[in-house]
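Just the heavy atoms: all of them, side chains too, but no hydrogens, waters or symmetry mates, feed the values below. Because the structure is a prediction, the values reported are computed rather than measured. Each residue takes its place number in the sequence, starting with 1.
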Amino acid sequence: VLIIARLVPSDRMILIRQYRPPARTLVVEFPAGLTDPGEMPEQAAARELREETGYIATSLRVFPPAYTTPGLSNEAINMVLAEIDENAPENRNPQTQFDPTEMIETILVPRGQLLDFYRRESQTCAFDAKLAGYILALPGA
């Protein structure tokens with residue numbers, strides 16, 4: 001699952017930055033993770049969002065699976081739009097629950113500043129293509 005998460009009412013997007021060994025660099029991306037056996041995509045999205053960022057979603061909208069690199073792999077992901085009430089008590093001081101091998105930084109970026117963030121941060125780290133595509137599809141990009 002890939003979680004496109006937005007804080008309400010501030011309209012900030014929740015992104016993460018973590019070291020990715022195959023890329024040998026820090027990568028900025030949307031929170032994401034694997035669906036456990038027997039788990040529904042919305043359950044996996046809620047769990048991964050909580051584990052990686054500490055935030056608890058108020059609403060989740062799940063979309064059908066889409067292929068990430070169909071010319072190379074049969075990997076498909078469910079994209080999930082998540083809305084988070086940042087004023088809810090459980091979201092005022094989010095506590096992550098990383099897996100033992102994870103070291104993740106949560107980044108909050110106002111949606112209207114994503115393109116500037118991308119231009120600035122891409123000088124020092126890589127971006128996941130799904131996030132870059134989202135940013136470049138925004139009006140004014």
Side-chain angles (χ1 to χ4, degrees), residues 1-70 72-141:
V1 293
L2 173 111
I3 306 119
I4 302 171
R6 185 172 67 93
L7 289 167
V8 176
S10 71
D11 201 29
R12 292 180 294 168
M13 303 300 292
I14 300 173
L15 309 177
I16 61 171
R17 179 178 8 233
Q18 63 181 318
Y19 183 79
R20 292 297 197 174
R24 297 185 194 146
T25 191
L26 289 170
V27 178
V28 179
E29 53 195 272
F30 285 119
L34 299 175
T35 303
D36 291 336
E39 192 175 42
M40 299 299 294
E42 55 272 10
Q43 294 169 315
R47 177 181 51 76
E48 288 290 346
L49 184 66
R50 186 182 64 254
E51 288 175 2
E52 293 185 355
T53 71
Y55 286 102
I56 298 172
T58 326
S59 71
L60 297 167
R61 288 180 37 212
V62 179
F63 291 84
Y67 290 100
T68 57
T69 51
L72 186 63
S73 164
N74 68 350
E75 178 188 55
I77 57 171
N78 285 97
M79 285 179 262
V80 179
L81 296 180
E83 199 168 272
I84 296 100
D85 178 0
E86 64 192 309
N87 295 320
E90 64 272 15
N91 289 322
R92 287 192 187 135
N93 187 23
Q95 301 296 311
T96 57
Q97 301 169 356
F98 298 144
D99 290 337
T101 59
E102 291 178 319
M103 290 181 59
I104 299 171
E105 174 190 2
T106 300
I107 306 167
L108 306 178
V109 182
R111 190 164 41 173
Q113 296 175 20
L114 280 170
L115 184 58
D116 289 336
F117 172 80
Y118 175 60
R119 287 181 176 138
R120 183 180 64 251
E121 294 296 315
S122 63
Q123 302 300 310
T124 58
C125 60
F127 273 69
D128 180 85
K130 296 173 289 296
L131 173 58
Y134 177 90
I135 292 170
L136 295 174
L138 290 172

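Put simply, the side chain of Gln95 gets close to the backbone of Asn93: a donor and an acceptor are under 3.5 Å apart. The backbone N or O of Arg119 sits less than 3.5 Å from a side-chain atom of Ser122, completing a donor-acceptor pair.
Residues Leu49 and Ala82 share a closest heavy-atom pair of CD2-CB, 4.4 Å. The two residues Phe30 and Met13 come nearest to each other via the heavy atoms CE2-CE, 4.4 Å. Scanning both residues, Tyr19 and Arg24, for their nearest heavy atoms gives OH-CA, 3.3 Å. When every heavy atom of Ala44 is checked against every heavy atom of Glu39, the shortest pair comes out as CB-OE1, 3.4 Å. Minimum interatomic distance between Arg12 and Leu108 (heavy atoms only, all atoms of both residues): NH1-CD1, 3.4 Å.
The existence of a salt bridge linking Asp128 and Arg20 is excluded, since no basic side-chain nitrogen approaches an acidic carboxylate oxygen closer than 4.0 Å.
For the atom pair CE (Met103) and CZ (Arg17), the distance works out to 12.5 Å, reported to the nearest 0.5 Å. Atoms OH and CG, from Tyr134 and Leu15 in turn, are 9.5 Å apart once rounded to the nearest 0.5 Å. With rounding to the nearest 0.5 Å, the separation of CZ in Arg111 from CD1 in Ile135 is 12.5 Å. Atom OH of Tyr55 is separated from atom CD of Glu90 by 12.0 Å, given to the nearest 0.5 angstrom. We find the CD-CZ distance between Glu52 and Phe98 to be 8.0 Å, quoted to the nearest 0.5 Å. Rounded to the nearest 0.5 angstrom, Thr53 OG1 and Glu105 CD are separated by 13.0 Å.
With Glu29 as reference, Ile16 is the one residue of Ile104, Ile107, Ile16 to meet the side chain to side chain contact (heavy atoms under 4.5 Å, CB included) rule.
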Let me see the working for Tyr118 and Leu131 under side chain to side chain contact (heavy atoms under 4.5 Å, CB included), right down to the final yes or no. CA-CA 9 Å; Tyr118 175 60; Leu131 173 58; over 6 Å; no
Apply side chain to side chain contact (heavy atoms under 4.5 Å, CB included) to the pair Leu26 and Val28, showing each step before the final yes or no. CA-CA 7 Å; Leu26 289 170; Val28 179; over 6 Å; no
Check step by step if side chain to side chain contact (heavy atoms under 4.5 Å, CB included) holds for Ile14 and Ile4. CA-CA 8 Å; Ile14 300 173; Ile4 302 171; over 6 Å; no
Would you tabulate the side-chain donor-acceptor contacts of residues 56-67 under 3.5 Å, counting partners in other chains and residues two or more places apart, or write 'none'?
residue, atom, partner, partner atom, Å
Thr58, OG1, Glu83, O, 3.3
Thr58, OG1, Asp85, N, 2.8

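Residues Asn91 and Leu7 are not in side-chain contact: their nearest non-hydrogen atoms beyond the backbone lie 4.5 Å or more apart.
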